[in-house]
Amino acid sequence: MSELNPFKIAQAQLAEAAKIMDLDPAVHELLRWPLREFHVTMPVRMDDGSVKIFHGFRVQYNDARGPTKGGLRFHPDETIDTVRALAAWMTWKTAVVDIPLGGGKGGVVCNPKEMSETELERLSRAYIRAIGHYIGEETDVPAPDVYTTPQIMAWMMDEYSVIRGYNVPGVITGKPLPLGGSAGRGDATARGGMYTVREAGKLLGIDLDQATVAIQGYGNAGQFAHKLIAEMFGSKVVAVSDSRGGIYCTDGLDYEKVMAWKKEKGTVVTYKCCDDCKQVTNEELLELDVDVLVPAALENQIGDWNAGNIKAKIVAELANGPTTPAGDEILHKNGVYVIPDFLCNAGGVTVSYFEQVQNAYDFYWAVDEVYTRLDRKMTAAFHAVHEAAQKYKVHNRMGAYIVSVARVAEAMRLRGWV
Ligand code: GLU
């Protein structure tokens, strides 16, 4: 099986882009590593009175284009290398949508599903006490990601404001609306992805109102993708899944019903709308005969072991890092149109940037204004990537790398770093 360490994958992707672009070796070497990273150890009082020790990371990958920006994950399998990879991909993500930010990421090794609300609050505040001196609205701005929520952002913003002694909404994005969140941030990752799916559909001549869709992952991105692809295009979502498995119904799955089920039962896997509705594994879901496949879960889902079986015409990567480099080659060879992760899921950070702008001006926009600006950013990025891929005769992920690396390299050169 091919390499599955996400950071090694991120470095290998960069190396391929560097070769195609004939990148200056010093520029390449500087981009291969995070500029800074923090490893923190945090004691947290649990509800039963015991103290548990947690480990966390924050990686500030590159800030040539602006403050480092990127989410914070709470996950039992988190490692420094997953966070490094995600921080590198954030650097390419902010560059591809051309917003004045760099890339960063954070992670805490924990299982939020086994923690109470009060334990999560104490852990969130402990994390900010540990890294608070190294983040800030002009240096490094976290946001939600896997298993972190607007409520967690609120606790973190509050803890940071206590440390600073005044209210600092701009230190973190993805906040609840009453605390300076942006309208439209909740579904921004999925919505941004859907704008790119719309453009891909036009380009490939696929009628999205006739299309069938499978979605892997039913967190923030997956759930909103279900809703939006049905609402915006009238496509039929025939399969969805979460970490416990999936469901498949050729008649289509109603997003309101599945979302309500997930909320109540904690999983989609027990949902059954009719006799035709059957359970599928996450692996089977990826290989279903659908027009659009939306990986919206975790890394390394499509690789040399299954890429040849993917039947979808469009793979819209709302997850970070779902496809390995070997998987990419196979999909490309088979004519599958991949909308690569750091393009497809850039809507989240784009609206995070809008949130920062609104916090700085203390002036808030209507949701329509957010959608219009998001659409403009995503559509421009989609076409820039498509054109680069055509020009260099490479797959779309390489096209995206070429666009982003050139932008970050130019900023580093102008600063006189290289
Ligand atoms: N966690 C999201 C991502 O991976 C959003 C990051 C942000 O808003 O800063 O893109």
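Both counts, for ligands and for their atoms, begin at 1 and track the order of listing. Note that this is a predicted model, so its numbers are computed, not measured.
In this structure, Pro144 is part of the shell of residues with a heavy atom less than 4.0 angstrom from ligand 1. Put simply, no part of Gln356 is less than 4.0 Å from ligand 1, judged by heavy atoms. For Lys105, the closest heavy-atom approach to ligand 1 falls below 4.0 Å.
Distance from atom 3 (C) of ligand 1 to its nearest protein heavy atom, with residue and atom name: Lys93 NZ, 3.2 Å. Of all protein heavy atoms, the one closest to atom 7 (C) of ligand 1 is Ala143 CB, 3.3 Å. Scanning all protein heavy atoms for the shortest distance to atom 8 (O) of ligand 1 gives Ser352 OG, 2.5 Å. Atom 5 (C) of ligand 1 has its closest protein heavy atom at Arg185 NH2, 3.6 Å.
By the 4.0 Å N-to-carboxylate-O rule, Glu410 lies too far from Arg413 to be salt-bridged with it. Between Asp341 and Arg397, at least one side-chain N (NZ, or NE/NH1/NH2) sits under 4.0 Å from a carboxylate O, which counts as a salt bridge. A salt bridge does not link Asp375 with Arg191: every distance from a Lys NZ or Arg NE/NH1/NH2 to an Asp or Glu carboxylate oxygen is 4.0 Å or more.
With a 6.0 Å cutoff to the six-membered ring centre and a 45° limit on the axis angle, Arg373 counts as a cation-pi contact of Trp365. Within the cation-pi definition used here (under 6.0 Å to the ring centroid, within 45° of the axis), Arg84 qualifies as a partner of Phe7.
Ligand 1 has an N or O atom lying under 3.5 Å from an N or O atom of Asn320, backbone or side chain.
Shown in contact with Gly348 at under 4.0 Å from a heavy atom are these atoms of ligand 1, numbered in order with element: 8 (O). Less than 4.0 angstrom separates some heavy atom of Met90 from each of these atoms of ligand 1: 3 (C), 4 (O), 6 (C), 10 (O). Within ligand 1, counting atoms from 1 as listed, the ones closer than 4.0 Å to a heavy atom of Asp145 are 1 (N), 2 (C), 3 (C), 4 (O). Short contacts between ligand 1 and Gly71, defined as distances under 4.0 Å to a heavy atom of the residue, involve ligand atoms 1 (N), 6 (C). Within ligand 1, counting atoms from 1 as listed, the ones closer than 4.0 Å to a heavy atom of Val349 are 7 (C), 8 (O), 9 (O). The contact set between ligand 1 and Lys69, taken as ligand atoms under 4.0 Å from a residue heavy atom, comprises 7 (C), 8 (O), 9 (O).
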(request) Show your working on salt bridge (Lys or Arg N to Asp or Glu O under 4.0 Å) between Asp47 and Arg122 and close with a plain yes or no. (result) CA-CA 10 Å; Asp47 290 346; Arg122 287 194 289 273; 2.7 Å; yes
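Partner of Val336 under the side-chain contact (heavy atoms from CB on, under 4.5 Å) criterion, out of Ile330, Asp328, Leu331: Leu331 alone.
Note: Tyr401 and Phe342 meet the aromatic proximity criterion, with ring centroids under 6.0 Å apart.
Residues satisfying the salt bridge (Lys or Arg N to Asp or Glu O under 4.0 Å) criterion with Lys19, sequence neighbours excluded, are absent altogether.
Here Ala346 has no heavy atoms under 4.0 Å from ligand 1, in either its backbone or its side chain. Under 4.0 angstrom from ligand 1, there are no non-hydrogen atoms of Val351.
Here Arg65 contributes atom CZ and Leu101 contributes atom CG; the two are 8.5 Å apart, rounded to the nearest 0.5 Å.
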